[in-house]
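Heads up, the thing below is written out as structure tokens.
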Amino acid sequence: MKILFVDDEPAILRTIRRTLRNLPDTDRLDLEGDPLAALRRLRETDYDLVVTDMRMPGCNGVQVLQEAARCNPGGLRAVLSGYSGEAEMAEVVPYAHLIIGKPFDPKAITDLIERASALAEMPLPDGLRRRLGGLRALPPLPHLFTHLTKALEEDQSSSLTDICALLNQDMALVAKIMQLANSAFFAGRTQVVRIEQAVQMLGIRLLSSLVLQHEMFVNSPQNPNLLSWRERLNREGLKTAAAAMRIARHRQMSTAEREESTMGSLLHDIGRLVLAAEFQDHPDRGTLLEGGSGIQLCNEEIRIAGAHHGWVGAYLMRLWGLPQPLVQAVAWHHHPSRSGIEGFTTLTVVHVADIIAHGAPGAEAHLDLDYLSEVGCLDDIPVWMELIGSSTSDSAVGH
Ligand SMILES: [Fe+2]
Ligand SMILES: [Fe+2]
């Protein structure tokens, strides 16, 4: 693994050197105090991980990460930051996969390196990896953006519940906000699993600049068909989240587990948004949109893109630093028995909620019965179907 650290404070570079001295997997560690020299290094070497300071003389962290993204889009990028201003943070968010607070905990750096190697191990083809690493954000639905901006900009008194209800309509935006809230800059060691928590932590003003910034990432003209498909897919995410909430309550899961299951269910198909956008000119694009049964769809996606939507979603969520149980639930939601995860977890809830919430006749045939029997919840299935049944009458868009 090749790593580049950029910071104009020699003391920070010394700490980094000490922290990483004995770390396995590091075959190259470059410490650079001059940001302009760092730009030159980026053009010469494909670094797997680039970590930079924000404020430096001559050029700032945003420029360093921009160059890193241009030279090697598949690499992991993080910014070390003192208490930078909100505008600065909003500027760096599109290029950084992670924001690390300063003074930083050396553990944040070793975690980051572990994450970079975990990403390297995920079964994604190189081309797709570059595409995903270079993805600055997923575009939000324009109508949602309009509503939300209005609520944020014009009516500062909008209640937290109203704002969260608006945000929850778009899983791409929720994912971006959760990424930011879970970065060490805001959360430290606390894991944020609820959008309400994230909104409170980030504050309305930062959120508003994030949302504004978000619209600028829409780099391709919106195809109207894709737009209505995305709206349906987002509705499915909400339905799945509602189903998950009922299952989690019935199982008497703890509040934290319940929130995690709901979040995982809301975001479970985020990989589909990415694949649809990234392969919109592919001749088999229709197949990616239509769905079919979850496992069939996964097989088609592997044929077309080299990875299925569970892996793609998980890759992005891991890149963004979202909590591991969420990442795993998204990765394996169609194939839980292949996950190797034992016991009743967020994964179990997301798998079942996804299939039951889609509500198509015979959907339960796609439940992974071996896995569910292993987890010991086969007898609960009819109860959950009953609990969820009445709320799932809309048309389904697959998984
Ligand atoms: Fe799915
Ligand atoms: Fe789904």
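These values consider heavy atoms only, across backbone and side chains, with no hydrogens, waters or symmetry-generated copies. Numbering of ligands and ligand atoms starts at 1, following listing order.
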Among N, O or S atoms, Asp354 approaches the Fe ion (ligand 2) most closely through OD1

Backbone or side-chain N/O/S of Asp269 under 2.8 Å of the Fe ion (ligand 2): yes

What I want to find out is whether Glu44 reaches Arg41 closely enough, with some N-O distance under 4.0 Å, to be called a salt bridge. no

For Asp380, is there an ion pair with Arg251 - N to carboxylate O distance below 4.0 angstrom?
yes

Please determine whether a side-chain nitrogen of the Lys or Arg among Asp30 and Arg28 lies less than 4.0 Å from a carboxylate oxygen of the Asp or Glu. yes

So the angle subtended at the Fe ion (ligand 1) by His334 atom NE2 and His333 atom NE2, rounded to 10 degrees, is 90°

Whether His268 has an N, O or S atom under 2.8 Å from the Fe ion (ligand 2)
yes

Please lay out, stage by stage, how Arg77 and Tyr47 fare under the test side chain to side chain contact (heavy atoms under 4.5 Å, CB included). CA-CA 9 Å; Arg77 302 181 291 275; Tyr47 290 99; over 6 Å; no

Practice task
Could you tell me whether any N, O or S atom belonging to Cys298 is less than 2.8 Å from the Fe ion (ligand 1)?
Solution key: no

SB check Arg338 Asp368 (cutoff 4.0 Å)
no

